[in-house]
Trainee: 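What follows is a structure written as structure tokens; I'll ask about it next.
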Amino acid sequence: MVSIAVLGYGTVGSGVVEVIRTNQEIINKRAGNEINIKYVLDLREFEGDPIQNILVHDYNVILQDEDVKVVVEVMGGVEPAHTFVKQALEQGKSVCTSNKEMVAKHGAELIRIAKENKVNFLYEASVGGGIPIIRPLISSLTCDDITEVTGILNGTTNYILTRMQDKGAAFEEVLAEAQEKGYAERNPEADVEGYDACRKIAILTSLVCGQQVDYEDIHTEGITRITDKDFVYAKALKSSIKLLGTYQRIDGKAYAMVAPMLISEKHPLYHVNDVFNAIFVHGNMLDDAMFYGRGAGKLPTASAVVSDVVDEVKHMGRNIMQIWEPGKLELGNFAEWKHKFLVRIQSADIDDVDMEDVKNAFGDVLYVKAPGITNETAFITKPMEEGTFQEVIQHFTGVINTIRVGF
Ligand code: HSE
């Protein structure tokens, strides 16, 4: 029998207990051992819930119990989670977590400590919720040079953008609806400003490059400036608008960003709607692959966490090798990254925008007409460096919006 402890009895923590209790037999069989939840740590009381019998409030009880071989950290936030995880690894206990903030910030350090102590630190649920993506990157796609990882990594924003597209509704209206349904937090900043997706693409980029990528270095834009009219243009271009987190290696340099982008109906990520997430991977041998599923939610996330528990029980006393070195990876200069841009400019009619000015500034562009939209001119530039585009666009008045043409 292997004893485990669950830190945090919130949505994911209670999901972990439910997954283990519901699929106990099958999980034990696959782990090759009986998994016993010995403790749940939480500051609160849960009167009337059988969990109360194994509830502890003092982390030292877990830390000092040699019987506990796996610690499941599902508290969230960087501290005290990071300190608790570090202490557990140093005590020779494996740890698994769904905590993307902690993994993005301290992943390299925790992987090193786990290795030194011949235990494991796994974090499948930190990116893409229930979707297997970390384990495929560590264990399956080991023969490929991975040159691109692009994901819809945030369910809340994907739900909002999908509803805006389908209903032709404004961002604020759909956000309010998403909050009512519990899909969006009362304080939606981390999701709608792209911070959550940024942590996740930082983790994936670190893993693919084998080196620490600081999320602070990743250019991040959210979806708050996207309007229903942008979707009319997207439709005219046989495209959608998705919040994408992307890592690309171009001319030997690693680039990463999070931003809403136009994506063509020919790309598989175009078809990923509502709260679903997906991660598209390109390898030089593999070609294209995509991992799709529920990126959040109690049971899908808990399913990924428990899959780490099973892996850790299967690998007792042996560290699963993963390469994520602490030395910081310098990303390519964002200002030099090239994209095409959709530009929308206010104008009484198309002749009001001086086409010569546009040509002088952007070279040849493709003018776009969107049904029912008047008083503006829109065009798509050729691929331009970010820095050049930002410099040039400043000289135009009445710019309504600019959106990168992603794929
Ligand atoms: N707020 C996140 C999302 C939860 O909407 O995807 C999962 O990390």
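Just so it is clear, the values below take in all heavy atoms, side chains as well, and ignore hydrogens, waters and symmetry mates.
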Trainee: Do the non-hydrogen side-chain atoms of Leu137 and Leu204 ever get within less than 4.5 Å of each other?
Mentor: yes
Trainee: Counting heavy atoms not belonging to Lys29, are there more than 12 under 6.0 Å from its NZ?
Mentor: no
Trainee: If you take all heavy atoms of Thr301 and Ala125, which pair is closest and at what distance?
Mentor: O-CB, 3.7 Å
Trainee: Would you say the side chains of Glu45 and Gln52 form a donor-acceptor pair under 3.5 Å?
Mentor: yes
Trainee: Counting N and O atoms only, with roles assigned by atom type, does the side chain of Ser14 sit under 3.5 Å from a partner on the main chain of Gly10, one being a donor and the other an acceptor?
Mentor: yes
Trainee: Using a 3.5 Å distance criterion without hydrogens, assess whether the side chain of Asn23 forms a donor-acceptor pair with backbone atoms of Val19.
Mentor: no
Trainee: Looking at Asp217 and Lys328, does any basic side-chain N land under 4.0 Å from a carboxylate oxygen?
Mentor: yes
Trainee: Run Tyr59 and Leu7 through side chain to side chain contact (heavy atoms under 4.5 Å, CB included) and show every step you take.
Mentor: CA-CA 8 Å; Tyr59 182 50; Leu7 314 187; 3.8 Å; yes
Trainee: Between the side chain of Asp214 and the main-chain N/O of Glu216, is any donor-acceptor distance below 3.5 Å?
Mentor: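 Not at all, since once roles are kept as given, no pair shorter than 3.5 Å links the two residues.
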Trainee: Taking atom types as modelled, find out whether Thr83 and Glu79 have a side-chain donor-acceptor pair closer than 3.5 angstrom.
Mentor: yes
Trainee: Ignoring hydrogens and angles, state whether a donor on the side chain of Glu109 or His82 is under 3.5 Å from an acceptor on the partner side chain.
Mentor: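 Yes, a side-chain donor-acceptor pair sits under 3.5 Å.
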Trainee: In terms of side-chain heavy atoms, does Gln165 have a donor or acceptor partner in Ser240 at a distance below 3.5 Å?
Mentor: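 There is such a pair (donor and acceptor under 3.5 Å, judged by atom type) between the side chains of Gln165 and Ser240.
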Trainee: Keeping Lys200 on the side-chain end and Leu153 on the backbone end, is there a donor-acceptor pair under 3.5 Å?
Mentor: yes
Trainee: Ring centres of Tyr255 and Phe334 under 6.0 Å apart?
Mentor: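 Centroid separation for Tyr255 and Phe334: 6.0 Å or greater.
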Trainee: Given side chains that start at C-beta, do those of Phe171 and Val192 come closer than 4.5 Å, heavy atoms only?
Mentor: yes
Trainee: Side-chain donor-acceptor pair under 3.5 Å between Asp288 and His282, yes or no?
Mentor: yes
Trainee: Is it true that the side chains of Glu221 and His219 contain a donor and an acceptor less than 3.5 Å apart?
Mentor: yes
Trainee: Do Glu376 and Tyr233 have side-chain N/O donor and acceptor atoms under 3.5 Å apart?
Mentor: yes
Trainee: Check whether Thr22 reaches the backbone of Glu18 with its side chain - one donor and one acceptor, N or O, closer than 3.5 Å.
Mentor: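 Yes, the answer is positive, given that a donor and an acceptor are paired below the 3.5 Å cut-off.
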Trainee: So, do Cys143 and Met285 sit near enough that their side-chain heavy atoms are less than 4.5 Å apart?
Mentor: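 Cys143 vs Met285: side chains apart.
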Trainee: Got more than 12 heavy atoms from elsewhere within 6.0 Å of NZ, Lys181?
Mentor: yes
Trainee: Donor-acceptor pair, distance only, cut-off 3.5 Å: does the side chain of Asn158 make one with the backbone of Asp274?
Mentor: yes
Trainee: Taking the side chain as everything from C-beta on, heavy atoms only, tell me whether Val306 gets closer than 4.5 Å to Ile27.
Mentor: yes
Trainee: Indicate, with yes or no, if the rings of Tyr292 and Phe276 have centres closer together than 6.0 Å.
Mentor: yes
Trainee: Knowing that exactly one of Ile113, Val119, Leu63 qualifies, which makes a side chain to side chain contact (heavy atoms under 4.5 Å, CB included) with Glu90?
Mentor: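 The residue from Ile113, Val119, Leu63 that satisfies side chain to side chain contact (heavy atoms under 4.5 Å, CB included) with Glu90 turns out to be Ile113.
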Trainee: What closest approach, in Å, do Lys93 and Val68 show between heavy atoms, and which atom pair accounts for it?
Mentor: NZ-O, 3.0 Å
Trainee: A side-chain contact here means heavy atoms from C-beta on lying under 4.5 Å apart; do Lys115 and Met321 qualify?
Mentor: no
Trainee: For Thr224 and Glu193, work out which heavy atoms get closest and say how close.
Mentor: CG2-OE2, 3.9 Å
Trainee: Are Asn120 and Asp311 linked by a side-chain donor-acceptor pair shorter than 3.5 Å?
Mentor: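 Judged by distance alone, the side chains do not pair up.
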Trainee: Can you see which heavy atom on Asp144 is nearest to which on Asn284, and at what distance?
Mentor: OD2-N, 3.2 Å
Trainee: Check whether the side chains of Lys242 and Asn273 place a donor and an acceptor atom closer than 3.5 Å, and report yes or no.
Mentor: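 Asn273 and Lys242 do have a side-chain donor-acceptor pair below 3.5 Å.
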Trainee: Do other residues, nucleotides or ligands put more than 12 heavy atoms under 6.0 Å from the CD atom of Glu25?
Mentor: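 Count not over threshold, so no.
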Trainee: Could you tell me whether Asp251 atom CG has more than 12 heavy atoms of other residues or ligands within 6.0 Å of it?
Mentor: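 For Asp251, atom CG is not crowded (no more than 12 foreign heavy atoms under 6.0 Å).
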Trainee: Could you give me the CA-CA distance, side-chain angles and deciding distance for Val281 and Leu141, then say whether side chain to side chain contact (heavy atoms under 4.5 Å, CB included) is met?
Mentor: CA-CA 10 Å; Val281 177; Leu141 303 177; 4.1 Å; yes
Trainee: Does atom CG of Leu286 have more than 12 heavy-atom neighbours from other groups under 6.0 Å away?
Mentor: yes
Trainee: Give the intermediate values and the outcome of side-chain hydrogen bond (donor to acceptor under 3.5 Å, both in side chains) for residues Ser347 and Thr377.
Mentor: CA-CA 6 Å; Ser347 63; Thr377 297; 2.8 Å; yes
Trainee: Determine whether a donor-acceptor pair (N or O, by modelled atom type, separation under 3.5 Å) exists between the side chain of Gln211 and the backbone of Glu325.
Mentor: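 Absent.
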Trainee: Given Val258 and Leu244, is the side chain to side chain contact (heavy atoms under 4.5 Å, CB included) satisfied, shown in steps?
Mentor: CA-CA 6 Å; Val258 173; Leu244 301 178; over 6 Å; no
Trainee: Given side chains that start at C-beta, do those of Leu41 and Val6 come closer than 4.5 Å, heavy atoms only?
Mentor: no
Trainee: Please report the C-alpha distance between Glu173 and Arg163 in whole Å, then the side-chain angles of each, then the deciding distance to 0.1 Å, and finally whether the salt bridge (charged side-chain N to carboxylate O under 4.0 Å, His left out) criterion is met.
Mentor: CA-CA 10 Å; Glu173 186 189 323; Arg163 295 292 286 167; over 6 Å; no
Trainee: Report yes if some heavy atom in the side chain of Arg404 is under 4.5 Å from a heavy atom in the side chain of Leu262; otherwise report no.
Mentor: no
Trainee: Crowded around Glu185 CD? As in, over 12 foreign heavy atoms under 6.0 Å?
Mentor: no
Trainee: Starting from the C-alpha separation in whole Å, work towards a yes-or-no answer on salt bridge (charged side-chain N to carboxylate O under 4.0 Å, His left out) for Glu101 and Lys105.
Mentor: CA-CA 6 Å; Glu101 289 92 355; Lys105 201 165 177 57; over 6 Å; no
Trainee: Tell me, yes or no, whether the heavy-atom count around Arg30 atom CZ, taken from other residues, nucleotides or ligands under 6.0 Å, exceeds 12.
Mentor: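 No, not enclosed.
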Trainee: Would Thr150 and Glu148 count as having a side-chain donor-acceptor pair, cut-off 3.5 Å?
Mentor: yes
Trainee: Would you tell me whether Asn99 and Glu73 have side-chain atoms, one donor and one acceptor, within less than 3.5 Å of each other?
Mentor: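 Short answer, yes.
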Trainee: Could you walk me through whether Tyr9 and Val17 satisfy the side chain to side chain contact (heavy atoms under 4.5 Å, CB included) test, starting with their C-alpha distance in whole Å, then the side-chain angles of each, then the deciding distance to 0.1 Å, before giving a yes or no?
Mentor: CA-CA 9 Å; Tyr9 196 58; Val17 173; 3.9 Å; yes
Trainee: Using every non-hydrogen atom in the two residues, find where Tyr123 and Ile138 come nearest and quote the distance to one decimal.
Mentor: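 Nearest pair, atom of Tyr123 first, then Ile138: OH-CD1, 4.2 Å.
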Trainee: For a quick check under 3.5 Å, do Gln212 and Trp324 share a side-chain donor-acceptor pair by atom type?
Mentor: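 Side chains of Gln212 and Trp324: pair found under 3.5 Å.
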Trainee: Do Ser3 and Asn36 get their side chains close enough for a donor-acceptor pair, meaning under 3.5 Å?
Mentor: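 On atom types as modelled, these side chains qualify, holding a pair under 3.5 Å.
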Trainee: Please enumerate all residues that pass ring pair (Phe, Tyr, Trp, His ring centres under 6.0 Å) together with Tyr215, with sequence neighbours excluded.
Mentor: none
Trainee: Keeping the roles fixed (side chain from Asp58, backbone from Asn60), state whether a donor-acceptor pair exists under 3.5 Å.
Mentor: yes
Trainee: Taking all atoms of both residues into account, what is the closest heavy-atom pair of Cys96 and Asp308, and its distance?
Mentor: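 Heavy atoms of Cys96 and Asp308 come nearest at CB-CB, 3.4 Å.
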Trainee: Pick from Ile223, Asp196, Ile152: which one makes a side chain to side chain contact (heavy atoms under 4.5 Å, CB included) with Thr157?
Mentor: Ile223
Trainee: Is there a side-chain contact between Thr147 and Gln248 in this structure, where contact means two heavy atoms from C-beta onward sitting under 4.5 Å apart?
Mentor: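 Thr147 does not reach Gln248 side chain to side chain.
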Trainee: If only atom types and distance count, is the side chain of Asp191 paired as donor or acceptor with the main-chain N or O of Pro188 below 3.5 Å?
Mentor: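 No; judged by distance alone, with no hydrogens or angles, the pair does not exist.
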